[in-house]
Amino acid sequence: MKQWQGISEFVAVAQTSSFTSAAKQLGLSVAQVSRNIAALEQRLKLPLLYRSTRSVSLTEEGLLYLPHCQHLVASLNDADQAIQQRSEKPQGLIRLTAPVFYGEHVIAPLVNDFLNQYPDCRLDFNLTNDTLDLIEGHYDLAIRLGHLGTPRLKASPLGRRRHFLVGAPAYFERFGEPTHLASLADHRCLTGTLKSWRFQVDGKVKTVQPNALIHCNSGLAIKDAVCKGLGIAILPDYYVADELEAGVLQEVMTEYRQPDDGIWALYPESRHRIAKVRVLIDFLKLKLTNNG
């Protein structure tokens with residue numbers, strides 16, 4: 001396209017203040033650089049450069065035109081890089097962080113499958129419930145659960161998680177089943193990391209803060225207490241799916257179940273251009289969507 005002719009050459013000359021240096025940078029002859037810039041000036045009907053035997057400088061019009069051209073060249077380079085990296089084979093170290101239980105029980109087995117499929121990749125996997133700074137910690141990717149708010153980083157949805165209000169059959173035989181939000185006050189409630197519970201009533205989310213018999217920041221500890229008949233709790237699917245299927249636990253108040261929330265891959269924007277990160281995100285999304 002004639003509109004592109006001379007743009008890269010003009011930017012290179014402006015940045016180096018030299019036709020010779022620009023020609024070396026672009027892999028062209030000095031004559032070709034000069035011809036292409038002359039063609040650009042002819043198309044614009046304006047001079048962009050002052051030329052002398054000793055120096056090159058920008059005209060007023062050149063100064064105005066340069067930042068726009070720099071943006072075009074940068075965008076073109078990004079486009080070329082994106083296409084080239086599409087065919088790159090995932091390789092190198094991946095620094096990943098995830099919540100402890102979800103990371104151990106869900107993400108780690110999937111990442112191990114990924115490493116079997118892409119043996120040129122290595123993994124540094126930090127399991128923590130702390131919200132780490134990915135940029136400061138030089139992480140490629142974080143797995144986050146629930147509501148993100150307005151994250152500073154890029155977020156890609158991997159799947160959904162469901163929460164259940166559950167109790168043991170022995171508990172319900174002793175105390176009965178809660179049937180509505182007000183009846184929760186008559187029950188032994190066990191709360192985890194979050195002290196408040198969310199329900200959906202007539203299409204709207206309602207928050208309840210029960211008077212907890214036990215409050216503990218360990219989901220496994222809360223699950224154990226529920227299984228032993230100490231009370232009822234809201235726990236996500238990956239904690240209680242097996243117990244629900246086996247009848248060890250029962251879900252109650254299903255009509256008030258809170259809306260499903262997200263499972264996310266969070267990453268600095270530049271990391272998604274790298275094959276190992278992009279392919280891992282796609283791999284996790286495929287597996288978690290199919291499992292959901």
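One-based numbering along the sequence shown. Just so it is clear, the values below take in all heavy atoms, side chains as well, and ignore hydrogens, waters and symmetry mates.
Remark: of the listed residues F164, F101, Y102, F101 is the sole one forming a ring-ring contact (aromatic ring centres under 6.0 Å, His included) with Y239. Just one residue in the list L63, L66, L64, L40 forms a side-chain contact (heavy atoms from CB on, under 4.5 Å) with L48, and that residue is L40. If you run side-chain contact (heavy atoms from CB on, under 4.5 Å) between I263 and each of T289, L284, L158, only L158 comes through.
Distance alone, capped at 3.5 Å, places no donor-acceptor pair between the D120 side chain and the P90 backbone. Remark: side-chain polar atoms of T59 are paired, donor with acceptor, to backbone N or O of P47 under 3.5 angstrom.
Nearest heavy-atom pair, E251 versus L244, reported as atom, atom and distance to 0.1 Å: N-CD2, 3.7 Å. Annotation for A98 and G103: closest pair CB-CA, 4.1 Å, computed over non-hydrogen atoms. Shown here for I232 and P178, the closest heavy-atom pair between the two residues is CD1-CG, 4.1 Å. Considering every non-hydrogen atom in both F19 and S34, the closest pair reads CE2-CA, 3.8 Å. The minimum heavy-atom distance linking C69 with F10 is given by the pair SG-CD2, 4.0 Å. Listed here is the closest heavy atom pair of P210 and T191: CG-CG2, 3.8 Å.
Residue L76 holds its CG atom at 6.5 Å from OG of S8, rounded to the nearest 0.5 Å. Here CG of L153 is found 5.0 Å from CD1 of I135. Values are rounded to the nearest 0.5 Å. One finds the NZ atom of K223 at 10.5 Å from the OG atom of S218 (value rounded to the nearest 0.5 Å). Here the CD-CG distance, from Q258 to L165, works out to 10.0 Å after rounding to the nearest 0.5 Å. To the nearest 0.5 Å, the span separating CG on L266 from CG on L141 amounts to 8.0 Å. The distance from atom CZ of F175 to atom CZ of R188, rounded to the nearest 0.5 Å, is 4.0 Å.
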Exercise. Could you give me the CA-CA distance, side-chain angles and deciding distance for R43 and Q5, then say whether side-chain contact (heavy atoms from CB on, under 4.5 Å) is met?
Key: CA-CA 10 Å; R43 182 177 66 80; Q5 186 179 11; over 6 Å; no
Exercise. Show your working on side-chain contact (heavy atoms from CB on, under 4.5 Å) between V226 and I222 and close with a plain yes or no.
Key: CA-CA 6 Å; V226 175; I222 293 296; 4.3 Å; yes
Quiz item: Would L110 and L288 count as a side-chain contact (heavy atoms from CB on, under 4.5 Å) if you check the C-alpha gap in whole Å, the side-chain angles of each, and the deciding distance to 0.1 Å?
Solution: CA-CA 9 Å; L110 295 179; L288 292 173; 3.8 Å; yes
Practice problem: Starting from the C-alpha separation in whole Å, work towards a yes-or-no answer on side-chain contact (heavy atoms from CB on, under 4.5 Å) for S57 and L49. | Solution: CA-CA 6 Å; S57 60; L49 300 170; over 6 Å; no
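Within the 4.5 Å cutoff, side-chain heavy atoms of H138 are placed close to those of R95. R198 is not listed as a side-chain neighbour of H163, based on a closest heavy-atom distance of 4.5 Å or more. For the pair K89 and K276, the minimum side-chain heavy-atom distance is 4.5 Å or more. Counting heavy atoms from C-beta on, the side chains of F283 and V111 never come closer than 4.5 Å. A 4.5 Å side-chain heavy-atom check between T97 and L134 finds at least one atom pair inside the cut-off. A 4.5 Å side-chain heavy-atom check between V11 and Y65 finds every atom pair outside the cut-off. Inter-residue side-chain proximity for K154 and P268 is flagged as unmet; no heavy-atom pair is nearer than 4.5 Å. In this structure the side chain of D261 never reaches within 4.5 angstrom of the side chain of L145, judged on heavy atoms.
The environment of NE2 in H71 is sparse: at most 12 heavy-atom neighbours from other residues, nucleotides or ligands sit within 6.0 Å. For E255, the CD atom is densely surrounded, since the number of other residues' heavy atoms within 6.0 Å is greater than 12. For N211, the CG atom is loosely surrounded, since the number of other residues' heavy atoms within 6.0 Å does not exceed 12.
The hydrophobic cluster containing V277 also contains I143, counting ILVMFWY residues as joined when their side-chain heavy atoms lie under 4.5 angstrom apart, directly or transitively. Note: the hydrophobic cluster containing I214 does not contain W197 (ILVMFWY, side chain heavy atoms under 4.5 Å, direct or indirect links). When hydrophobic clusters are built by joining Ile, Leu, Val, Met, Phe, Trp and Tyr residues whose side-chain heavy atoms come closer than 4.5 Å, directly or via intermediates, I281 is grouped together with V106. Residues L230 and F172 do not share a hydrophobic cluster, clusters being chains of Ile/Leu/Val/Met/Phe/Trp/Tyr side chains in contact below 4.5 Å. In the hydrophobic clustering of this structure, L44 groups with V56; members are Ile, Leu, Val, Met, Phe, Trp, Tyr whose side-chain heavy atoms approach within less than 4.5 Å, directly or through other members.
For K228 and D224, the salt-bridge test passes: some basic side-chain N is under 4.0 Å from an acidic carboxylate O. Between R161 and D237 there is no salt bridge, since none of the side-chain N atoms of the basic residue sits less than 4.0 Å from a carboxylate O of the acidic one. One finds no salt bridge joining R35 and E9 here, because no Lys/Arg side-chain nitrogen approaches an Asp/Glu carboxylate oxygen to under 4.0 Å.
Remark: the Y139 side chain and the D133 side chain contain no N/O donor-acceptor pair separated by less than 3.5 Å. Using modelled atom types, one finds no donor on one side chain facing an acceptor on the other under 3.5 Å when comparing Y256 with H180.
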